[in-house]
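Numbered from 1 within each chain, the chains take letters A, B, ... in sequence-line order. Every heavy atom of this structure was used, including side-chain atoms; hydrogens, water molecules and symmetry mates were not. As the structure is a computational prediction, the values presented were derived from the model and not from experiment.
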2 protein chains.
Amino acid sequence: MGRWEPDAQGRLLRAALELFAEHGYEATTTAQIAERAGLTKTTLFRLFADKREIVFQAQDELTALVRRGVDEAVEGAGPTELMVNGVRILSGAHTEQHRATGRILDPILAASPELNERAIFKRSAITSALEDALLGHGVDPLRAGVLADLGIRAYYGGYDAWVAADDSTTLTEHVLARVTLLRSELSRI
Amino acid sequence: MGRWEPDAQGRLLRAALELFAEHGYEATTTAQIAERAGLTKTTLFRLFADKREIVFQAQDELTALVRRGVDEAVEGAGPTELMVNGVRILSGAHTEQHRATGRILDPILAASPELNERAIFKRSAITSALEDALLGHGVDPLRAGVLADLGIRAYYGGYDAWVAADDSTTLTEHVLARVTLLRSELSRI
DNA sequence: ATGGTGATGTTACCGAGTCACATAAGCGAC
DNA sequence: GTCGCTTATGTGACTCGGTAACATCACCAT
């Protein structure tokens, strides 16, 4: 096995998911992951900031996506439409393959407090990105925060429903439906 | 220095805050903290679950507080009143001393990604506690989530304003004012 | 004083993450 | 082709957070 096998990052990712599924996250050692991928611990930490990021690194693009969704909303869109477009673009990036990955990953996440904490951090990062994007479009700060909370709550709620469902409804449909539901709740608060 | 000095936990906490303020969180070693407190690393980890918890352990009671606030709301209170009472009791527990501590702690938190992540986790835990408490009183799940987000957003926003201010306004006043502001934003979403 | 209990210390260990340095692969220039 | 440059990987040693087994000491009741 020569050193220069391609896609080191992908190999590490696949090795990690296998091992996490087999023995659990905490019981898997970074050295074991590297070994299965035909690499060493050092290389692993050159490609991933830390052990948790092996699982979450893919999520980093989501903050950029939600920003783009807000920025590319139609001219003259109001605050709520800006938010909706943010979560619409965000949700639109998820394919059936992501759903399959989610089904593998979710039980692993649920079993590890460490991963849970990172997951919450990522959710917070996405929320902040959405809030920032709204602020950048002149939305009132208080409203931007509340809108971001609502949008991301719809996104995560929709995601859970989407992963749990086995029909062909898209994530976007789930999420947008939930945005509508949540907005109708607001009128009663 | 005999072994049986009282208040090992308090000594560790004070030693830690001193060292964090002097050299920063990451640059401070758990062994250094223990040494300054006249103890050892082992004892430190017997009293704190991990290094981050030295800073955040005190926050664990907050989840119980917000629950209690919801549970002890007046008979016949609606969902929103339940939530408001939760954050009211939560805010009411903060004294001037907490404000002083916050002024020391906040810059330390801001400087450490690791502590930041834990702070966000704690916020999420408080939000979930509030949401749970509302669910326990029969509030509709969707509404409970949104209410919890709003309440905790008001609490944290109010907290920041309170720590930054130097007048004698209480945290509760700040937070309740913010709840009102946020609620008025909702009508426009 | 004696013995039990609980808080602490000692020692050794594991695993995440870092660093300085070595090495090999790929690639273009000549 | 081979020389040199760059880039990806390996090596080995190290730090630090965190755990565990076992020893030890203080306090207290009897």
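Salt-bridge check for A/Glu22 with A/Arg36: passed, with a basic side-chain N closer than 4.0 Å to an acidic carboxylate O. Contact check on A/Lys122 versus A/Glu53 returns a salt bridge, with a Lys/Arg side-chain nitrogen under 4.0 Å from an Asp/Glu carboxylate oxygen. With respect to the salt-bridge test (charged N to carboxylate O, under 4.0 angstrom), the residues B/Asp7 and B/Arg14 qualify. Using a cut-off of 4.0 Å between Lys/Arg side-chain N and Asp/Glu carboxylate O, A/Glu117 and B/Arg52 are scored as not salt-bridged.
Between B/Gln9 atom CD and C/dA7 atom P the separation is 12 Å, expressed in whole Å. A straight line from CG of A/Leu44 to P of C/dG15 spans 15 Å, rounded to a whole angstrom. Counting to the nearest Å, the P atom of C/dG17 and the CG atom of A/Leu12 are 14 Å from each other. Rounded to an integer number of Å, the gap from A/Arg118 CZ to C/dA16 P is 14 Å. Put simply, CG on A/Asp7 is 15 Å from C1' on D/dT9, counting in whole angstrom units. Separating the CD atom of A/Glu117 from the P atom of C/dA16 is a distance of 17 Å, rounded to the nearest angstrom. Rounded to an integer number of Å, the gap from CD1 of B/Ile33 to P of D/dG18 is 10 Å. Regarding A/Phe48, its CZ atom lies at a distance of 15 Å from the C1' atom of D/dA8, rounded to whole Å.
No donor-acceptor contact under 3.5 Å links the side chain of B/Lys51 to the base of D/dG18. Residue side chain A/Arg46 reaches the base of D/dG10 through a donor-acceptor N/O pair under 3.5 Å, judged by distance alone.
For A/Phe45, whose side chain is taken as the heavy atoms from C-beta onward, the closest listed nucleotide among D/dG18, D/dT9, C/dA16 is C/dA16. Closest to the side chain of A/Lys41, out of C/dT18, D/dT11, D/dT9, is C/dT18. Out of D/dG18, C/dC19, C/dT11, the shortest distance to the side chain of A/Thr42 is found at C/dC19. When distances run from any side-chain atom of B/Arg52 to the nucleotides D/dG18, C/dG17, C/dT8, the shortest one goes to D/dG18. For B/Thr43, the listed nucleotide lying nearest its side chain is C/dT8; candidates were C/dT8, D/dG10, D/dC16. In this structure, of D/dG18, C/dA16, C/dT8, it is C/dT8 that holds the atom nearest to the side chain of B/Leu47.
Residue A/Thr30 is in sugar-phosphate contact alone, with no base atom involved, counting any heavy-atom pair closer than 4.0 Å across all strands shown.
When all heavy atoms of B/Arg99 and B/Val163 are compared, the pair lying nearest together is CD-CA, 4.1 Å.
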